[in-house]
Amino acid sequence: MRKKIVAGNWKMNLDYNEGLSLFSEVINMVKDEITGNQQAVVCSPYIHLHSLAQLAKGYTKVSVGAQNAHQAESGAYTGEISAKMIKSVGAEYVILGHSERRQYFGEDNALLAKKTDTALKNGLKPIFCIGETLQEREANQHLDIIKSQLVEGVFHLDEAQFVQLVIAYEPVWAIGTGVTASSGQAQEIHAFIRKEIAAKYGQAVAENTTILYGGSCNPKNAPELFACADIDGGLIGGASLKSRDFVDIVKVFN
Ligand SMILES: O=C(CO)COP(=O)(O)O
């Protein structure tokens, strides 16, 4: 049975104290309300990570992650943060390949392949994001795009490495727009992703890979999305900034 995960991506929001308050609320709600085996992951800005990891100690259903990591182990890269640093403060996950990183920071599949290698080497679990733009969907290129993101970004990994990954399908047109993919659209792509994983790594690996949906996911639409056979949870932006909404989405798997 593959792991069900609901991950919050705070993006560039919340100062230090705001982040700590929100996380404390999340922990308390998860402790009291989560009855299943699902995992809540909070991916915060770097400045919060150490404190959040300390607060999460002893709460096995809550983990902490970063939103990016550099591809190099260390060195003269002013302003950057390495995977080893992230690991050293107690984070377990790192989002890689988010469409905002691809769009605004020029991250391409080749760079993301390197970032994935470095993250894995340092014991972080990448939440690897893929997804097409509206233009690509309208041109009926979405399956090709998603396949190339997988092939060029993560299919160089061996099986032992690949099983550390979580995949997140985030159609760019659904991120922060209020327009979510229909459950049918999302399920179609998730099934496609799982089929590609099966073709590369075999059925057993594919069956055990957690594939998240992201893009305008909220407590209202999450139940229908998460009921789909190949959707194993969500990567949540806006709704993860409200403790009640985020935990209500985590609770879908109760
Ligand atoms: O980008 C996302 C999560 O990584 C999704 O953001 P929204 O939930 O705000 O659409």
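Both ligands and their constituent atoms are indexed starting at 1 by order of listing. In this chain, numbering begins with 1 at the start of the sequence shown.
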*Asks:* Just list the N/O pairs, ligand 1 to protein, that are under 3.5 Å apart, with the distance for each.
*Replies:*
{"from": "ligand 1", "atom 1": "1 (O)", "to": "Lys11", "atom 2": "NZ", "distance (Å)": "2.8"}
{"from": "ligand 1", "atom 1": "1 (O)", "to": "His98", "atom 2": "NE2", "distance (Å)": "2.8"}
{"from": "ligand 1", "atom 1": "4 (O)", "to": "Asn9", "atom 2": "ND2", "distance (Å)": "3.0"}
{"from": "ligand 1", "atom 1": "4 (O)", "to": "His98", "atom 2": "NE2", "distance (Å)": "2.9"}
{"from": "ligand 1", "atom 1": "4 (O)", "to": "Glu170", "atom 2": "OE1", "distance (Å)": "3.2"}
{"from": "ligand 1", "atom 1": "4 (O)", "to": "Glu170", "atom 2": "OE2", "distance (Å)": "2.9"}
{"from": "ligand 1", "atom 1": "6 (O)", "to": "Lys11", "atom 2": "NZ", "distance (Å)": "3.3"}
{"from": "ligand 1", "atom 1": "8 (O)", "to": "Gly237", "atom 2": "N", "distance (Å)": "2.9"}
{"from": "ligand 1", "atom 1": "9 (O)", "to": "Gly238", "atom 2": "N", "distance (Å)": "2.8"}
{"from": "ligand 1", "atom 1": "10 (O)", "to": "Gly176", "atom 2": "N", "distance (Å)": "2.6"}
{"from": "ligand 1", "atom 1": "10 (O)", "to": "Ser216", "atom 2": "N", "distance (Å)": "2.7"}

*Asks:* Enumerate the salt bridge (Lys or Arg N to Asp or Glu O under 4.0 Å) contacts for residues 202-218, please, sequence neighbours excluded, ordered by first and then second residue.
*Replies:*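 Salt bridge (Lys or Arg N to Asp or Glu O under 4.0 Å) check on residues 202-218 returns Arg2-Glu207.
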*Asks:* Output every pair passing side chain to side chain donor-acceptor pair (under 3.5 Å) with a member in residues 15-24, not counting sequence neighbours, ordered by first then second residue.
*Replies:*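 Matches after skipping sequence neighbours: Tyr16-Ser51.
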*Asks:* Under the salt bridge (Lys or Arg N to Asp or Glu O under 4.0 Å) definition, can you give me all pairs with a residue in residues 235-245, not counting sequence neighbours?
*Replies:*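 Those involving residues 235-245 are Glu33-Arg244, Arg244-Asp248.
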*Asks:* Can you find a side-chain donor-acceptor pair between Gln38 and Asn254 that sits under 3.5 Å?
*Replies:*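 Asn254 and Gln38 do have a side-chain donor-acceptor pair below 3.5 Å.
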*Asks:* Using the rule side-chain contact (heavy atoms from CB on, under 4.5 Å), only one of Gln149, Arg101, Arg102 pairs with Leu112; which is it?
*Replies:*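 Only one option passes, and that is Arg102.
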*Asks:* Taking the six-membered ring for Trp, is the centroid-to-centroid distance between Phe226 and Tyr213 below 6.0 Å?
*Replies:*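 Not under 6.0 Å, so no.
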